[in-house]
Novice: 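This is the structure I want to talk about, given as structure tokens.
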Number of protein chains: 2
Amino acid sequence: MTGYAPAEAARRSGFSLDTLRYYEKIGLLADVSRTSGGQRIFTDDDLGWLVLFRCLRDTGMPIAQMCRYAQLAREGEHTADERRELLKRHAVRVEEQMRLLQRQYDHLREKIRFYEQLPGSGSESG
Amino acid sequence: MTGYAPAEAARRSGFSLDTLRYYEKIGLLADVSRTSGGQRIFTDDDLGWLVLFRCLRDTGMPIAQMCRYAQLAREGEHTADERRELLKRHAVRVEEQMRLLQRQYDHLREKIRFYEQLPGSGSESG
DNA sequence: TTCCAACCTGGAGTGCGCTCCAGGTCAACC
DNA sequence: GGTTGACCTGGAGCGCACTCCAGGTTGGAA
């Protein structure tokens with residue numbers, strides 16, 4: 001079992017050191033092992049969790065919900081259904097988010113095209 | 001020139017009344033006209049701006065940057081190039097955001113598929 | 001063994017974008 | 001003229017997700 005120093009875990013996960021400590025403090029990341037002197041050692045398993053958290057954060061899941069998910073996972077196998085449903089509901093929200101983003105991106109492109117077609121006078125709104 | 005009461009402008013723009021007042025306070029929305037008694041009347045032009053702000057907010061532009069854009073627009077025609085470039089740079093960031101979102105969405109779907117294929121034991125990370 | 005960069009803790013502070021509040025005013029209708 | 005609901009102001013407060021800090025400890029290299 002490879003172990004990673006805090007700085008290395010931060011580098012690999014893309015979270016800052018402070019964020020890793022924060023995630024542990026709020027109970028999102030649990031049972032991070034330590035040296036005899038008290039310094040953290042992150043395992044590949046911890047890194048796996050961090051990759052998941054990165055995915056969920058990037059797709060806009062609130063931290064409270066990630067905590068719920070992590071808590072369920074800690075409770076064991078029998079929560080697998082609930083975890084799956086949690087992820088599926090999140091996926092639906094992400095799909096909506098993607099559609100909205102695409103739609104507003106199209107508006108933005110149209111606005112830009114307007115600027116590019118127009119070497120003369122502009123509209124008032126924008 | 002049609003005028004809209006604050007509540008109607010809020011409804012049409014999707015921003016709350018407080019947000020409309022806030023946008024005016026920070027100078028994002030300027031020169032909103034008033035009744036003799038001091039109550040706001042939003043014009044179609046104001047609404048046009050609000051639609052643009054909605055687009056920019058939904059695509060993640062910080063308010064400070066929207067203020068910059070609005071300021072440029074107020075300065076007149078000669079800032080059109082700069083405004084266009086501002087929007088184009090933003091569009092690039094939105095494209096990156098869309099790619100990231102798609103990528104993380106794919107990870108999420110994969111995770112869900114994992115749960116669905118698996119009526120037995122699960123992995124540690126997630 | 002000494003050094004010093006990396007690490008530790010608890011807790012305060014930050015930035016963003018609103019959101020809420022108290023206390024008062026306006027205006028449309030009865 | 002009275003009522004009532006929408007509106008006004010300045011300013012405080014909030015929720016989120018970190019981020020920073022002071023003051024102290026650890027541990028690997030020279």
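Below, chains carry the letters A, B, ... as their sequence lines are ordered, and counting in each starts from 1.
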Novice: Quick one: pull up CZ in A:Arg84 and CG in A:Leu72 and give me the separation to the nearest 0.5 Å.
Specialist: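 Here the rounded value is 12.5 Å.
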Novice: When the C1' atoms of the five terminal pairs at each end define the local axes, what inter-axis angle does the helix from C:dT1-D:dA30 to C:dC30-D:dG1 show, to 10 degrees?
Specialist: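 Taking the rotation axis at each end, their angle is 10°.
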Novice: Under the side chain to side chain donor-acceptor pair (under 3.5 Å) test, which residues partner B:Arg68, sequence neighbours left out?
Specialist: B:Glu82
Novice: Provide the start and end nucleotides, 5' to 3', of the part of DNA chain D that has atoms under 4.0 Å from heavy atoms of chain B.
Specialist: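 Range of nucleotides within reach of chain B: D:dC7 to D:dG11.
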Novice: From CE of B:Met66 over to C1' of C:dC18, roughly how many Å is that when rounded to an integer?
Specialist: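 To the nearest whole Å, that distance equals 12 Å.
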Novice: Just so I know, are the side chains of B:Leu87 and B:Leu56 near enough to count as touching, which here means a heavy-atom distance under 4.5 Å?
Specialist: yes
Novice: Taking 4.0 angstrom as the limit, do A:Arg11 and A:Glu8 come out as a salt bridge?
Specialist: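 Result for this pair is yes, salt bridge flagged.
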Novice: Starting at atom CG of B:Leu20, determine the distance to atom P of C:dT19, rounded to an integer number of angstrom.
Specialist: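 Going from CG in B:Leu20 over to P in C:dT19 covers 11 Å.
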Novice: Which part of the nucleic acid, if any, lies within contact of A:Arg21, taking any heavy atom under 4.0 Å across all strands shown: a base, the sugar-phosphate backbone alone, or nothing?
Specialist: base
Novice: For DNA chain D, find the residues of residues 22-36 of chain A with a heavy-atom distance under 4.0 Å and give them by number; none if there aren't any.
Specialist: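 Going residue by residue through residues 22-36 of chain A, the ones with a heavy atom under 4.0 Å of DNA chain D turn out to be A:Tyr22, A:Tyr23, A:Thr35.
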Novice: Could you give all pairs that pass the salt bridge (Lys or Arg N to Asp or Glu O under 4.0 Å) test and reach residues 86-98 of chain A, with sequence neighbours left out?
Specialist: A:Lys88-B:Glu116, A:Glu95-B:Arg109
Novice: If the condition is side chain to side chain donor-acceptor pair (under 3.5 Å), which residues does A:Tyr22 pass it with, not counting sequence neighbours?
Specialist: none
Novice: Tell me which of A:Asp18 and A:Ala5 sits closer to the 5' end of DNA chain C, going by the nucleotide each one is nearest to.
Specialist: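 Mapping each residue to its closest nucleotide by heavy atoms, the 5'-most match is A:Ala5.
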Novice: Between A:Phe53 and A:Phe15, is any pair of side-chain heavy atoms under 4.5 Å apart?
Specialist: yes
Novice: Working to the nearest 0.5 Å, report the span between CZ of B:Arg54 and NE2 of A:His107.
Specialist: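 With rounding to 0.5 Å, CZ (B:Arg54) is 12.5 Å from NE2 (A:His107).
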Novice: Over how many whole Å does the gap from B:Gln39 atom CD to C:dA27 atom P extend?
Specialist: 5 Å
Novice: About how many Å separate CG of A:Leu101 and CD of B:Gln97, when rounded to the nearest 0.5 Å?
Specialist: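 Result: 5.0 Å between the selected atoms.
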Novice: DNA chain C: B:Ser16 or A:Glu8, which has the more 5' nearest nucleotide?
Specialist: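 The residue whose closest nucleotide sits nearer the 5' end is A:Glu8.
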Novice: Do A:Gln102 and A:Asp106 touch side chain to side chain, with heavy atoms closer than 4.5 Å?
Specialist: yes
Novice: For a 4.5 angstrom cut-off between non-hydrogen side-chain atoms, does B:Val94 reach B:Met98?
Specialist: yes
Novice: Would you say B:Thr19 places a side-chain N or O within less than 4.0 Å of OP1 or OP2 belonging to C:dG17?
Specialist: no
